[in-house]
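Inspection log for the structure reproduced underneath, given as structure tokens.
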Amino acid sequence: MGRADARRAQRRGARRAAKSGGIRRLFTWRKMLGTFFGFCLLSMGAFVALYMYVDIPKANALAERQSNVYQYSDGTPLTRTGDGVNRQIVDLAEVPLKVQHTFVAAENKTFYDDEGIDLKGTTRGVLNTLSGKGKQGGSTITQQYVKNYYLTQDPTISRKLKELVISLKVDSKKSKEFILAGYINTAYYGRGASGIQAAAQAYYGVDAKDLDVSQGAYLASVLQAPSQYDWATASDTGKKLVKDRWAYTLDNMVEMDWLDQAERDKLKFQVPDKPKPAKGMEGQTGYLVEAANNELEKQGITAEMRQAGGWTFTLNIDKKRQKELEKSVDRQLESKLDREGNKVDATVQAGATSVDPKTGAVVAMYGGVGYTKHYVSNATRQDYQPASTFKPLVLASALENESKTQGGDLIGVNTRYDGTSKRPVVGSDTPFAPENEDDQSYGDVTVQTAMNKSINSAFAQMVVDVGPPEVKKTALALGVPDKNFPERPAITLGTMNASTWDMAGAYATLDNHGKKVTPFIVKSAEHRERTVDPVEGIGSQVISRKSADTVTSVLTGVVDAGSGRAANTSAYEAAGKTGTSENNKSAWFAAYTPELTTVVALFGESPKDGGGQVSLTGTANSGRANGGGFPAQIWADYTLGALGGGSSAQFDLEDVERGEVTVPTTPPTTPSQSASTETTPSQSPDVPSQSPSGSPSQSPSQSPDVPPSQSPEVPPPSQSPVLPGGGLNSGRPGQNDSDNNPVSH
């Protein structure tokens, strides 16, 4: 047996050796090298064949560019763009030499010496395309000219290979001057401008021959990302990036001996002129098209692709509701303003966004007095504070996180808080003692009453009880953008930045029982060569239905008996919240019915160049501006019309805690009536069944956003009990406040 085993082992070893030897014979260095060179020869042969096969084509019919059609949701036309291309060809000799050099310095320093292609950049572009990263990677000026003039913008492998071959041929047959002229005359610069002459006029109001080096460096820089780098609409990040590229361009010119260092040091960045809207963009049309284009950009449909034309963009905008919104702003605001004779009225800007909470579709939008008169859209601008429209989100976070007061009580609708003005919050490392409107104190109040009256001190303590990080987390989930949003107690006053579009999404999510609603305006984008999926308007459950429905229940109280009574009518059921930022620079009304969510805001914007936020106080000679005034009146007038005169739909609320019921002493206003002024008593106090010990000594003179109660709900602060915990937290009024005591209501 031993010999037999040895023979079998010997045979197995021989087989393994033979197999190993076979593999080694298969993968010898000689064979591997031969395979590599064979692949190289095959690739070269394929490229030579491609070079022989692909010829320089005719121009890509720039003169045959089609227009784009924008239409309402029902298919009726809104506007048509791009009927003609905004381009005027200029000879290269007309462009100052140093301006010519800015384009070379920005895009392709070796342009005058290379053979028209950048293999490294092209390889990177091909790999990016294969990996799904789209149109990325460096190309020479020749390649970009070929792409613009002979080919398309499609980021495909076949197009990139054709671009490579045609670039080699063009470089061998055409002069560098011819190619550079073609490049700067065909490139898209944004603002609807194709070519350097149109760009010079669009950005600086001069002809190409009159551009200076600084202006040329900006135009050369903006080519990299026209939408992102347009100074008029760029974010802070976009502005920084384009200024960095401007500096990079000039530094490259110094390096290439095209610009003296001394001259470079003297150059300053020149801010471009404000854009002039294209014809057909008058009224609200330009705002709607701009919002659609911004959304398309995020979906991968770039400005260059849109410039090529042939698109039909159907918007979610309901033609009837859009007209109703425009009429409501005119009736409830513009007809009452004296923009020529009243300095305050001249500063008033209105914006609004209306969303279907079941789909996320933006059905109506108001961007301002007119796109050709006021370029910035008041519906989507994010430079103002949403103020107390943020308070419902604080409550939503408290409910969602099952937060407790400092005394250990679970926060609910009937939890009681100390409404003393300037009361320092308890439990925060950041001191904060916000003042209520008119420095009014309310003593011990329920959460429902605090929401109705928009009591700052109560919600400041609630933010601390929940925790600013948790409140911010909930707000971001609901749709508030992360702009100027520190995790500090002052966020309870809505001190971050948000647009009516953003807040409409957050409130629509509450309306949709906590399931995320993302507003979107493009219903479909059709093109014979491409398909585009619209934004997904409805997402996942971001807060529980119970939390969302409870907030809705509380906000119905604000409309029925609180600061939003100007929107109260028997024609529909509504829930909402007013908001007025510090110094009355903005006034908001965010509210919804079961079928429609709409946010309306007024902004005080200086009419001088550069804008700047100013107070709305004195608008239409109405005294203090607040969310319960013009914004609520516009909202109510629009909603009544948008719902066809009203709706019997009711909120489908499940498992909610109900707040105390407050019955107003005067009948509710109708949308056609003006809201009561803040100095006119219009509601009775919300009197709890059992109040803290002590007798009232005085009644409040005024409550935030709403007329004052006729008698106090609770004893004054001096006689309110100081509890060690619970909703009514310990602490006395004071000024120890690192957030500078902003006032929001």
Side-chain angles (χ1 to χ4, degrees), residues 86-87 95 98-99 102-103 105-107 184 187-208 210-253 264 266-278 281 286-287 289-291 293-298 302-304 306-307 349 367-368 371-384 481 483-484 497 499 603 605-613:
N86 182 18
R87 175 186 293 111
V95 181
K98 288 184 178 179
V99 174
T102 62
F103 289 88
E107 294 290 332
I184 64 175
Y188 179 67
Y189 295 76
R191 297 193 180 184
S194 294
I196 190 170
Q197 173 63 18
Q201 285 289 342
Y203 285 95
Y204 291 107
V206 300
D207 290 328
D210 296 321
L211 288 168
D212 61 32
V213 178
S214 177
Q215 294 168 337
Y218 173 79
L219 295 181
S221 300
V222 84
L223 283 177
Q224 188 178 59
S227 295
Q228 185 182 4
Y229 289 171
D230 183 344
W231 194 265
T233 56
S235 64
D236 290 341
T237 299
K239 289 179 178 179
K240 179 181 183 303
L241 289 174
V242 74
K243 287 190 74 172
D244 288 346
R245 188 161 179 80
W246 174 85
Y248 162 83
T249 299
L250 296 176
D251 290 342
N252 280 351
M253 290 182 68
R264 161 68 182 92
K266 293 178 182 178
L267 291 175
K268 295 185 181 299
F269 182 84
Q270 294 188 43
V271 174
D273 299 340
K274 292 182 179 180
K276 298 176 182 178
M281 295 292 107
Y287 300 123
V289 170
E290 178 189 65
N293 288 344
N294 289 339
E295 188 169 287
L296 290 165
E297 195 82 25
K298 295 176 183 177
T302 65
E304 289 176 317
R306 297 193 303 274
Q307 278 292 108
Q349 295 294 333
Y371 194 66
T372 57
K373 300 176 182 177
H374 185 263
Y375 185 72
V376 176
S377 173
N378 297 324
T380 57
R381 67 188 306 166
Q382 294 179 318
D383 52 340
Y384 282 80
K483 290 181 69 68
N484 189 29
N497 295 130
S499 66
F603 309 109
E605 178 189 83
S606 172
K608 298 178 181 178
D609 289 341
Q613 298 184 12

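All values below were derived from every heavy atom in this structure, side-chain atoms included, with hydrogens, water molecules and symmetry-related copies excluded.
Summarising the local packing, NZ of K243 is surrounded by 12 or fewer heavy atoms from other residues, nucleotides or ligands at distances under 6.0 Å.
Annotation: side chain to side chain donor-acceptor pair (under 3.5 Å) contacts of Y204 (sequence neighbours excluded): none. Qualifying side chain to side chain donor-acceptor pair (under 3.5 Å) partners for Q197, counting only residues two or more places apart in sequence or in other chains: D207. For Q349, the side chain to side chain donor-acceptor pair (under 3.5 Å) test picks out N378, with sequence neighbours left out.
The aromatic rings of Y384 and F603 lie tilted to each other, with the angle between the two planes from 30° to 60°.
Side-chain atoms of Y188 come within 3.5 Å of backbone N or O of G192 as a donor-acceptor pair. No donor-acceptor pair closer than 3.5 Å links the side chain of R191 to the backbone N or O of A199. Side chain of T249 to main chain of A217: no donor-acceptor pair is present (N/O by atom type, distance under 3.5 Å, no hydrogens or angles). Y189 places a side-chain N or O within donor-acceptor distance of the main-chain N or O of I184, the cut-off being under 3.5 Å.
Residues T233 and S227 come closest through the heavy atom pair OG1-O, 4.0 Å. Closest approach of M253 to K98, counting heavy atoms only: CE-O, 3.4 Å. Shortest non-hydrogen contact noted between E107 and A220 is OE2-O, 4.0 Å. Closest non-hydrogen pair, A202 versus A193, comes out as CB-CB, 4.2 Å. Closest approach of Q228 and A234 over heavy atoms only: O-CB, 3.3 Å. Closest of all the heavy-atom pairs between T102 and G216 is OG1-O, 3.4 Å.
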F103/L219 under side-chain contact (heavy atoms from CB on, under 4.5 Å): CA gap, chis, key distance, verdict: CA-CA 8 Å; F103 289 88; L219 295 181; 4.3 Å; yes

Trace of the side-chain contact (heavy atoms from CB on, under 4.5 Å) decision for V99 with D212: CA-CA 7 Å; V99 174; D212 61 32; over 6 Å; no

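No close placement of the W246 and Y229 rings is indicated, their centers lying 6.0 Å or farther apart.
Going from atom NZ of K483 over to atom OG of S235 covers 7.0 Å, rounded to the nearest 0.5 Å. Between Q382 atom CD and S499 atom OG the span is 5.0 Å, to the nearest 0.5 Å. A distance of 6.0 Å separates CG in L296 from CZ in R306, rounded to the nearest 0.5 Å. Here OG1 of T380 is found 11.5 Å from CD of E295. Values are rounded to the nearest 0.5 Å.
Residues W231 and K274 form no side-chain contact, since every pair of their non-hydrogen atoms from C-beta on lies 4.5 Å or further apart. Put simply, the side chain of E290 does not reach to within 4.5 Å of the side chain of M281, judged on heavy atoms. Between Q613 and E605 the shortest side-chain heavy-atom distance does not fall below 4.5 Å. Looking only at side-chain heavy atoms (C-beta outward), V376 and D383 stay at 4.5 Å or farther from each other.
Donor-acceptor pairing under 3.5 Å is lacking for the side chains of Q215 and Y203.
Between K240 and D244 there is a salt bridge, with a side-chain nitrogen of the basic residue lying less than 4.0 Å from a carboxylate oxygen of the acidic one.
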